[in-house]
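Handing you a structure now.
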Amino acid sequence: MTTSDPALERAAIACAGARKAVALTGAGISVESGIPPFRGRGGLWEKIDPMKYAHVAAFENDPAEVWKVLFLGISHVLEKARPNAGHQGLWRLEEMGVLQTVITQNVDGLHQQAGHRDVIEFHGTHAFVRCSVCGRRSDWRSVPLEVIPPRCECSGVLRPDVVLFGEMIDPRLLQRSQQLAAGCDVMLVIGTSATVEPAASLPVIAKHSGAFIIEVNPEPTPLTHRISDVTLLGSAGEVMEQMASMVQRLRSNRQPS
Ligand code: APR
């Protein structure tokens, strides 16, 4: 990917003209922050079986095991992670008034750390835990982890406030995301394999409502050629940095002198 790449230029022109762009992000945007993706080479699901450790039934059956293998493992990686050039490039698009909202499947909080004000955490967040019995929510850092699984004052088992396989997306978040997808003029789809529903349908809704779809991923996905108007094959960090700079140039050239 170079700055003279025609695909990058098409994407940047679409972004520069956008007034209500929305981004849908997945694990790939955080890879350059040291967080492994779920699928593909080096993916978490290559090492552990998601049905054994990331399904709500597995958690209900043996919460201690799911805590030890999945939740503590993820938390260890997230502790050290900081936003990378991909998150920062996306933030620059928000600063320029191009990007309205980030819908993320990630639970790492890195978009908020990068500066975004409106982030929909479609699959929840690892920054909070909630009680599986009374539903009380608290900061992850306030939870004593000497005994696993940790418990709430009501004695219910605590868990990260994330969506496990077999669980529903918060209907309010789903509805708002679908509305944003239907109303955006550009959708940036960054670092997602687009294989997990209902998130995978958001670009389809956007496309059918007339949005221009820009995909950023080093690998093709089920959206490539079918739904995406432009696919930028590269890492989120490299592509978003170049894209943000190009959009900035295009927008400043438009300003009346
Ligand atoms: N930049 C951009 N994309 C990248 C990079 C990178 N540096 N590295 C990898 N990718 C791409 C991969 O090619 C892949 O298409 O990121 C994508 C990651 O896909 P998944 O691991 O499937 O992540 P995601 O799409 O977010 O998964 C959706 O599945 O397991 C559940 O709840 C979990 O939220 C997750 C959901």
Side-chain angles (χ1 to χ4, degrees), residues 1 8 11 23-56 58-59 66 69-71 73-74 77-78 81-90 102-111 114 119-126 159-170 173-174 177 187-204 213-228 230-244:
M1 177 81 27
L8 181 65
L24 171 68
T25 66
I29 196 167
S30 296
V31 164
E32 289 154 275
S33 295
I35 305 174
F38 295 98
R39 295 170 187 79
R41 218 176 328 122
L44 187 60
W45 302 153
E46 248 182 16
K47 298 191 183 84
I48 62 170
D49 178 354
M51 292 305 123
K52 256 172 115 178
Y53 295 104
H55 196 284
V56 63
F59 174 73
V66 171
V69 175
L70 186 68
F71 299 154
I74 289 180
V77 174
L78 298 191
R82 296 291 171 267
N84 64 57
H87 300 101
Q88 282 149 6
L90 207 49
V102 178
I103 304 168
T104 188
Q105 297 164 86
N106 301 342
V107 296
D108 55 32
L110 293 181
H111 289 301
V119 180
I120 297 179
E121 294 180 305
F122 205 74
H123 290 163
T125 172
H126 229 270
R159 50 167 288 180
D161 196 11
V162 297
V163 179
L164 294 171
F165 284 107
E167 293 185 309
M168 302 270 290
I169 304 296
D170 178 335
L173 297 187
L174 178 60
S177 302
M187 181 177 271
L188 290 137
V189 184
I190 309 173
T192 176
S193 60
T195 50
V196 175
E197 291 293 353
S201 287
L202 295 172
V204 181
I213 312 296
I214 301 166
E215 194 179 6
V216 180
N217 198 312
E219 309 280 342
T221 74
L223 302 175
T224 314
H225 305 306
R226 202 172 60 88
I227 296 295
S228 304
V230 175
T231 301
L232 303 171
L233 291 171
S235 78
E238 179 196 17
V239 173
M240 290 312 298
E241 201 171 334
Q242 292 187 32
M243 174 119 86

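Residue numbers run from 1 in the order of the sequence given. For ligands, and for the atoms within them, numbers begin at 1 and follow the listed sequence. Computed from heavy atoms alone, side chains included, the values below leave out hydrogens, waters and symmetry copies. A quick note: this is a predicted structure, and the numbers were derived from the prediction, not measured.
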My understanding is that only residues two or more places apart in sequence, or in another chain, count here; which of them pass side chain to side chain donor-acceptor pair (under 3.5 Å) with Glu46?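 Here no residue qualifies.
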Say whether, by atom type as modelled, one donor and one acceptor occur between the side chain of Glu32 and the main chain of Asn84 under 3.5 angstrom.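 Flag not set: sc Glu32 to bb Asn84 has no pair under 3.5 Å.
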Working to the nearest 0.5 Å, report the span between CG of Asn106 and CZ of Phe38.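 Nearest 0.5 Å value for the CG-CZ distance: 7.0 Å.
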Would you call the rings of His111 and His87 parallel, tilted or perpendicular if under 30° counts as parallel and over 60° as perpendicular? perpendicular
Report all protein residues having a heavy-atom distance below 4.0 Å to some atom of ligand 1; order the list by chain, then number.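 Lining ligand 1 at under 4.0 Å, by heavy atoms, one finds Gly26, Ala27, Gly28, Val31, Glu32, Pro37, Phe38, Arg39, Trp45, Gln105, His123, Phe165, Gly191, Thr192, Ser193, Val196, Asn217, Pro218, Glu219, Ser235, Ala236.
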Ignoring hydrogens and geometry, is there a side-chain-to-backbone donor-acceptor pair from Ser33 to Arg82 under 3.5 Å? yes
Okay, side chain of Glu241, backbone of Gly86: is any donor-acceptor separation there less than 3.5 Å?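 It does not hold such a pair.
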